[in-house]
Structure formats: C-alpha cells, structure tokens
Protein chains: 2
Amino acid sequence: MDDVFKALADPTRRELLDRLHDQGGQTLNQLCSGLDVTRQGVSKHLLQLEQAHLVVTLWRGREKRHYLNPVPIYEIATRWINKFERGRLDGLQSLKNDLEDCSDDSDSTKSTNSSLT
Amino acid sequence: MDDVFKALADPTRRELLDRLHDQGGQTLNQLCSGLDVTRQGVSKHLLQLEQAHLVVTLWRGREKRHYLNPVPIYEIATRWINKFERGRLDGLQSLKNDLEDCSDDSDSTKSTNSSLT
DNA sequence: TACATATGCAACTATTTGGTTGCATAATAC
DNA sequence: GTATTATGCAACCAAATAGTTGCATATGTA
C-alpha cells in the first residue's frame with residue numbers, strides 16, 4: 001500500500017494516470033509525447049505505477065500496452081471515508097466550500113476546482 | 001492538490017490520519033504517544049497535513065485540537081474512478097482478488113487486506 | 001511570582017527521489 | 001541480413017525530504 005501513495009505523490013505520474021484514464025492501452029512512446037521528461041524518465045515513472053498496481057500492462061509484440069487500474073484508489077477512499085460520510089459527500093459541494101472558506105490559509109483566493117496538478 | 005498527495009505519501013502521516021479518523025480532537029502530545037519520532041517530527045507532519053487540508057485544527061486555550069477532513073480524499077477517488085465504476089467496485093471484492101491473483105508480483109502470498117502501512 | 005505544560009521556529013544532516021546519459025536487447029520492416 | 005523501432009538496465013547527480021537538536025513563546029497552575 002505504501003507504493004500506491006508514493007506513486008501518487010508525483011505530478012508527472014498523476015498526469016500519466018489521467019492520460020490512461022482518458023485512453024487505455026497506450027505505449028511508452030505514446031505517453032512520452034508532451035511531457036518535458038526523457039523517455040527513460042517516463043519509463044521509470046510507469047514502472048513505479050506498475051509496482052503500485054495502479055497501472056496494468058499487456059505485451060503485444062514489441063509494444064507494451066498500459067491500462068489504469070482503479071482498485072487501489074478505491075481502497076484509499078474507503079480507508080478514511082465512512083460509508084455514511086460517502087453518502088453525504090456525494091451531494092455536498094457546499095460542505096467543501098464551507099471548509100475552504102473558514103480555513104486560515106494564506107491565499108484563500110484560489111478555488112478548489114482550479115488546476116488539479 | 002499536490003500538497004494532498006505529498007502529505008499522503010508518508011506512513012507516519014497516514015498513521016496520524018488513522019488515529020484522527022478513530023478519534024478526533026486529539027492534541028499534538030496525544031498524537032506523539034507510540035510513534036518513534038520526536039515531538040517536533042510529529043509537529044512537522046501535522047503541519048503538512050494541515051496545509052493539505054487533510055487535517056483541520058481548533059485552538060482551545062493552549063491546546064491545539066486536530067480533526068480529520070475527508071473531503072480531499074474524496075476528491076482523489078472521484079478523479080480516476082467513474083461513477084459507473086464506483087458502483088461496480090462497491091460490491092466487487094472479487095474483481096480486486098482477480099487483479100491480485102493474475103499480477104506477476106514477486107511475493108503473491110500476501111493478502112490485500114493485511115497491514116495497510 | 002515561579003513553575004510546569006503545550007506548542008512553534010530555525011539550523012543542520014542523512015537519505016530518498018526525479019532526472020539525466022549511455023549502452024543493451026528484442027521485435028518489426030526493408 | 002540490415003536498419004529501424006520499442007523498450008529495459010545501470011551509473012551518476014541535484015534537489016527534496018524526514019528526522020534530529022536547541023531555543024523561544026504562550027498558557028495554565030501552585
């Protein structure tokens with residue numbers, strides 16, 4: 001489980017998960033495009049995602065297809081969110097806003113939905 | 001959002017979240033007991049959890065009470081899990097087991113539910 | 001007041017981590 | 001067979017991180 005949290009702690013790896021969530025089965029070279037990291041850099045990130053079981057792979061000839069596995073993320077949610085809380089949170093955008101507003105944060109200007117990195 | 005993932009990436013901080021999920025309103029010194037880290041170490045961890053909005057605090061005299069905030073964790077789940085997938089996953093322990101079984105992991109003996117760290 | 005309790009801040013260190021370059025291996029195309 | 005494409009492995013480096021020690025501040029209590 002430690003591998004899952006470590007894997008999610010990097011913005012490049014989260015970007016890769018976003019792309020695989022958008023379209024599964026992409027290869028390493030496909031996933032490299034647009035990222036300002038070398039191919040080997042991306043390769044190492046994908047390896048970490050694999051070891052965390054967040055990404056499952058399938059060899060097709062010389063190509064390695066990558067797919068997102070949502071199970072570990074689901075386990076994170078169920079760890080700290082009770083069933084009844086999940087029910088409440090599902091509809092309560094207001095609660096989120098309330099917690100944001102009353103926080104003594106330095107820059108309370110930024111909205112919550114802006115720029116997931 | 002980056003702060004949330006970084007905060008969750010450390011086992012000590014996850015242990016703190018577990019304790020606050022178990023009982024809210026604990027102080028720094030209460031949370032120190034049992035952890036093999038100094039008070040200042042725990043303090044720095046709690047500060048990171050605060051900045052990630054995973055923990056909300058409330059001053060009571062000279063005591064600082066700590067409470068868990070589940071909202072950021074809920075947002076993680078909704079990022080990579082589609083609504084229909086959430087519905088399926090809710091009842092499908094079997095899917096999780098299947099994915100574990102067919103994984104090419106070195107030590108496939110360990111069960112999924114054992115020892116969240 | 002004097003003392004104990006509860007927390008915060010700053011400097012320093014060892015380890016981890018993200019990224020690189022260079023070379024090796026394997027499958028497809030000509 | 002030769003060239004090209006797709007990926008993997010190892011060594012190296014700079015930056016971030018977890019942890020420490022020491023001191024400062026503020027709130028209760030005798």
Side-chain angles (χ1 to χ4, degrees), chain A residues 1-20 23-68 103-106 117, chain B residues 1-20 23-52 54-67 103-106 117:
Chain A
M1 205 54 183
D2 187 59
D3 293 333
V4 178
F5 290 103
K6 290 275 180 64
L8 290 173
D10 182 84
T12 303
R13 287 192 288 268
R14 292 196 296 273
E15 165 74 23
L16 288 169
L17 289 181
D18 284 333
R19 295 197 187 188
L20 292 177
Q23 184 190 350
Q26 297 188 65
T27 68
L28 168 61
N29 278 319
Q30 282 180 294
L31 292 166
C32 280
S33 74
L35 295 179
D36 54 349
V37 189
T38 57
R39 180 182 58 82
Q40 288 80 354
V42 177
S43 178
K44 280 170 59 172
H45 281 305
L46 287 172
L47 200 66
Q48 290 182 67
L49 291 170
E50 262 191 85
Q51 289 167 340
H53 299 286
L54 284 162
V55 163
V56 179
T57 60
L58 187 65
W59 278 98
R60 207 64 147 190
R62 63 177 168 181
E63 287 185 345
K64 193 181 187 181
R65 310 276 177 86
H66 297 78
Y67 300 89
L68 172 65
S103 76
D104 53 343
D105 206 359
S106 50
T117 51
Chain B
M1 206 53 181
D2 188 58
D3 293 332
V4 179
F5 290 104
K6 289 274 179 66
L8 290 174
D10 181 84
T12 304
R13 287 192 287 269
R14 292 196 297 273
E15 166 74 24
L16 289 170
L17 289 181
D18 284 334
R19 294 195 187 190
L20 292 177
Q23 185 191 348
Q26 298 187 64
T27 67
L28 168 60
N29 279 318
Q30 283 180 293
L31 292 166
C32 281
S33 75
L35 295 178
D36 54 349
V37 189
T38 57
R39 180 182 58 81
Q40 286 82 353
V42 177
S43 178
K44 280 170 59 172
H45 282 304
L46 286 172
L47 200 67
Q48 289 183 68
L49 291 170
E50 262 191 84
Q51 289 169 340
L54 284 162
V55 163
V56 179
T57 59
L58 189 65
W59 278 99
R60 205 64 144 194
R62 64 178 167 181
E63 287 185 343
K64 193 180 188 182
R65 310 277 178 86
H66 297 77
Y67 300 90
S103 74
D104 54 342
D105 207 357
S106 49
T117 50

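Every chain is numbered from 1 and lettered A, B, ... according to where its sequence line falls, protein lines coming before strand lines. Note that these values count all heavy atoms, side chains included, but never hydrogens, waters or copies made by symmetry. Everything quoted here is computed from the prediction, not taken from an experiment.
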Task: A:Asp18/A:Arg14 under salt bridge (Lys or Arg N to Asp or Glu O under 4.0 Å): CA gap, chis, key distance, verdict - done: CA-CA 6 Å; A:Asp18 284 333; A:Arg14 292 196 296 273; over 6 Å; no

Is there a side-chain contact between [X] and [Y] in this structure, where contact means two heavy atoms from C-beta onward sitting under 4.5 Å apart?
X	Y	value
A:Asp10	A:His45	yes
A:Val42	A:Thr38	no
A:Arg19	A:Leu35	yes

Report yes if at least one side-chain N or O of [X] is closer than 4.0 Å to OP1 or OP2 of [N]; otherwise report no.
X	N	result
B:Ser43	C:dG8	yes
A:Thr38	C:dT20	yes
B:Lys64	C:dG8	yes
B:Asn29	C:dT5	no
B:Gln48	D:dT17	no
B:Arg13	D:dA18	yes

If I take atom [atom1] in residue [X] and atom [atom2] in nucleotide [N], what distance separates them, rounded to the nearest angstrom?
X	N	atom1	atom2	result
B:Asp2	C:dG18	CG	C1'	13 Å
B:Asp3	D:dA16	CG	P	14 Å
A:Leu16	C:dG19	CG	P	10 Å
A:Gln26	D:dT7	CD	C1'	16 Å
A:Leu28	C:dA26	CG	P	18 Å
B:His45	C:dC9	NE2	P	17 Å
B:Leu47	C:dG8	CG	P	8 Å
B:Arg65	D:dT27	CZ	C1'	14 Å

Open item on the list: Using a 4.0 Å heavy-atom cut-off, does B:Lys6 contact any base of the nucleic acid, only the sugar-phosphate backbone, or nothing at all?
Closed with: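 Here B:Lys6 touches the backbone only, sparing every base.
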
TODO: Just call it for A:Gly41: base, sugar-phosphate, or nothing, with non-hydrogen atoms closer than 4.0 Å on any strand.
DONE: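 Contact class for A:Gly41: base.
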
By nearest atom, which of the nucleotides [options] is closest to the [X] side chain?
X	options	result
B:Thr27	C:dG19, D:dT7, C:dT7	C:dT7
A:Gln40	C:dT21, C:dA6, D:dT5	C:dT21
A:Arg62	D:dG19, C:dG19, C:dA27	C:dA27

Open item on the list: Here's a test of your reading of the structure: between B:Arg39 and A:Asp36, which maps to the more 5' nucleotide of DNA chain C?
Closed with: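 Taking each residue's closest nucleotide, the earlier one in sequence belongs to B:Arg39.
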
Task: Comparing A:Gly61 and A:Ala9 on DNA chain C - which has the more 5′ nearest nucleotide - done: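 That would be A:Ala9.
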
TODO: Could you tell me whether the side chain of A:His66 and the main chain of A:Thr27 form a donor-acceptor pair under 3.5 Å?
DONE: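 No; zero donor-acceptor contacts below 3.5 Å.
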
TODO: In sequence, state the C-alpha distance, the side-chain angles, and the governing distance for A:Arg13 and A:Gln48, and then conclude on side-chain hydrogen bond (donor to acceptor under 3.5 Å, both in side chains).
DONE: CA-CA 9 Å; A:Arg13 287 192 288 268; A:Gln48 290 182 67; 3.2 Å; yes

